[in-house]
Amino acid sequence: TFMHQQIAANVSYFYYIEAYSNTIAGLSNSNIQEVVTTMPAVPLTMNANYGTVELYNQVNLSFTVDANAVVKNYILLKANEKNGIYDSIASFPQGSVTIEYSDFIKTNHEIAYYKVVAFNTCGLKSRETNIAHNILLEVFPDEPPLRTNRLNWNLYEGWDGNAVSYVVYRSIDNSPF
């Protein structure tokens with residue numbers, strides 16, 4: 001027996017066997033067998049729409065995926081660093097169009113990174129979205145007599161295009177923004 005490993009998708013492989021004798025000048029051939037390694041097509045559309053904080057300690061996420069893709073499922077992954085180790089936090093079935101999920105983190109102290117991965121019917125990763133994350137705002141009061149507050153935040157990245165502007169809103173004594 002022989003195991004052909006690391007085969008490519010959507011390729012026709014042809015195999016046959018030759019047997020040689022070490023005592024006579026002869027050989028014997030097998031029949032020819034063809035195997036087509038068809039793989040389901042990858043999803044055409046997969047995008048991280050946003051990661052946003054709307055409620056205290058809650059990050060709301062939205063992803064668009066290909067509803068017509070032949071996939072086993074979509075897995076939502078989360079990491080503490082953009083290039084860190086991602087852990088599975090939710091699964092969504094084939095046929096999903098928009099994946100929405102709310103995750104709970106310490107939004108005043110943490111940034112979490114999220115992406116969705118599609119797994120084909122063979123259980124192999126076929127495509128993944130760009131990364132969504134929350135924006136962490138930190139405010140630092142300057143020393144008197146300046147009477148100013150310095151605002152710092154991480155840039156939102158990962159959209160198909162970059163964020164073109166940021167708008168700062170202010171409320172005084174918890175009045176509406």
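This one's a predicted model, so the numbers in the text were calculated from it and none came from an experiment. Basis for what follows: all heavy atoms, side chains included, without hydrogens, waters or symmetry-related copies. Each residue takes its place number in the sequence, starting with 1.
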Asn120 and Val71, any side-chain heavy atoms less than 4.5 Å apart: no
Pro43 to Ser126 - nearest heavy-atom pair and separation: CD-OG, 3.5 Å
Neighbour count >12 (heavy atoms, 6.0 Å) for atom CG, Asn80: no
Side-chain donor/acceptor of Asn134 to backbone N/O of Glu110, under 3.5 Å: yes
Cluster check Tyr56, Leu137: I/L/V/M/F/W/Y, side chain < 4.5 angstrom: no
Residue pair Ile99, Leu76: steps toward the side-chain contact (heavy atoms from CB on, under 4.5 Å) verdict: CA-CA 9 Å; Ile99 292 174; Leu76 176 60; 5.5 Å; no
Between CD1 on residue Ile75 and OG on residue Ser91, distance to nearest 0.5 Å: 3.5 Å
Where Ala132 and Ala48 come nearest, the two heavy atoms and their spacing: CB-CB, 3.9 Å
Euclidean distance, Asn60 CG relative to Leu55 CG, rounded to 0.5 Å: 6.5 Å
Distance-minimising heavy-atom pair for Gln94 and Val70: NE2-CA, 3.9 Å
Qualifying salt bridge (Lys or Arg N to Asp or Glu O under 4.0 Å) pairs with a residue from residues 72-95, counting only residues at least two apart or across chains: Lys78-Asp103, Lys82-Glu157
More than 12 heavy atoms from other groups under 6.0 Å of CD on Glu143: no
Point-to-point distance, once rounded to the nearest 0.5 Å, from CD1 of Ile111 to CD1 of Ile105: 8.5 Å
Interatomic spacing from CG in Asn174 to CD1 in Ile172 - rounded to 0.5 Å: 11.5 Å
Residue pairs fulfilling ring-ring contact (aromatic ring centres under 6.0 Å, His included) with at least one residue in residues 112-151, sequence neighbours excluded: Tyr113-His133, His133-Tyr156
Asn47 and its side-chain contact (heavy atoms from CB on, under 4.5 Å) partner, picked from Val116, Asp66, Asn130, Val65: Asn130
Summary of side-chain hydrogen bond (donor to acceptor under 3.5 Å, both in side chains) pairs that have at least one residue in residues 29-39, sequence neighbours excluded: Ser12-Glu34
Thr98 side chain reached by Ser62 side chain, heavy atoms, under 4.5 Å: yes
Pairs touching residues 7-43 that satisfy ring-ring contact (aromatic ring centres under 6.0 Å, His included), sequence neighbours left out: His4-Tyr13, His4-Tyr15
ring-ring contact (aromatic ring centres under 6.0 Å, His included): pairs with one or both residues in residues 59-104, sequence neighbours excluded: none
Val53 side chain reached by Ile135 side chain, heavy atoms, under 4.5 Å: no
Minimum side-chain heavy-atom gap Pro141-Asn149 below 4.5 Å: yes
Pairs involving residues 120-131, ordered by first then second residue, that meet salt bridge (Lys or Arg N to Asp or Glu O under 4.0 Å) (sequence neighbours left out): Lys115-Glu128, Lys125-Glu128
Side-chain donor-acceptor pair present, Asn49, Thr64, cut-off under 3.5 Å: yes
